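Structure record follows, encoded as structure tokens.
Each residue takes its place number in the sequence, starting with 1. Not measured: the values here are computed from a predicted model.
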Amino acid sequence: MTAISSWAVVICIAAVICGVLELLAPSSRMNGILRFVFGGFMLCAVIVPLSEIDLDFSAVPPIEDISSSNIEAANEQSVEYVKKSMAELVKNKLSEISVEAEEILIDMDIDEDNCINMIKVRLKISAKDLELSEKIRSKIADELGLECLINE
């Protein structure tokens, strides 16, 4: 904070000096050149103190220090979000063929590159909808590209 306040003081002093010198200078053809010189002086007064400000980024931890538990927690949250989204998508696909699932489970895992891989969908449906099992499997496989297990 002291660096910023000293920077502001330097700019104010430079402005006062330029103003006084401009008042003392005779008005002539040289007035344009003097304004150019004063402008350069003000520009230097603004820029030079900025180079002396020490920006300390040591408080920011390096990326390597992020703990693996934080990464694992983020991965778990991502998996849960994807599972919920996928379950909702499956529910919507089932509603298109007038089937309501009692339970929708999505099997997925995370590989070594932290990519989520969906493996299969497990559905629990009522006995009256079991006759539509093959239609359900083909709809899930065709539209979502996932293997579908029913009441297993």
Exactly one of V16, V9, V10 should register a side-chain contact (heavy atoms from CB on, under 4.5 Å) with I13. Which one does?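 Of the listed residues V16, V9, V10, the side-chain contact (heavy atoms from CB on, under 4.5 Å) partner of I13 is V9.
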From the options I104, D107, I106, select the one residue that forms a side-chain contact (heavy atoms from CB on, under 4.5 Å) with K83.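 Only one option passes, and that is I106.
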Nearest heavy atoms of [X] and [Y], plus distance in Å:
X    : Y    : value
L94  : A101 : CD1-CB, 3.7 Å
K139 : K93  : CE-O, 3.4 Å
I17  : F41  : CG2-CE2, 4.4 Å

Once rounded to the nearest 0.5 Å, what's the spacing between atom [atom1] of [X] and atom [atom2] of [Y]?
X    : Y    : atom1 : atom2 : answer
L21  : L34  : CG    : CG    : 8.5 Å
E100 : K91  : CD    : NZ    : 7.0 Å
N151 : S133 : CG    : OG    : 7.0 Å
R35  : M42  : CZ    : CE    : 13.5 Å
L123 : L149 : CG    : CG    : 8.5 Å
E131 : I136 : CD    : CD1   : 9.5 Å

Count the heavy atoms belonging to other residues, nucleotides or ligands that lie under 6.0 Å from CD of E102, then report whether that count exceeds 12.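 Yes.
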Indicate, with yes or no, if L105 and L130 share a hydrophobic cluster defined by side-chain heavy-atom contacts under 4.5 Å among Ile, Leu, Val, Met, Phe, Trp and Tyr.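 Per the 4.5 Å side-chain linkage, L130 and L105 are not co-clustered.
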Should I97 and I140 be counted in the same cluster of Ile, Leu, Val, Met, Phe, Trp and Tyr side chains packed under 4.5 Å apart?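 Yes, I97 and I140 fall within the same hydrophobic cluster.
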Taking the side chain as every heavy atom from C-beta outward, state whether E147 and V121 have any pair of such atoms under 4.5 Å apart.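 No - every pair of side-chain heavy atoms lies 4.5 Å or more apart.
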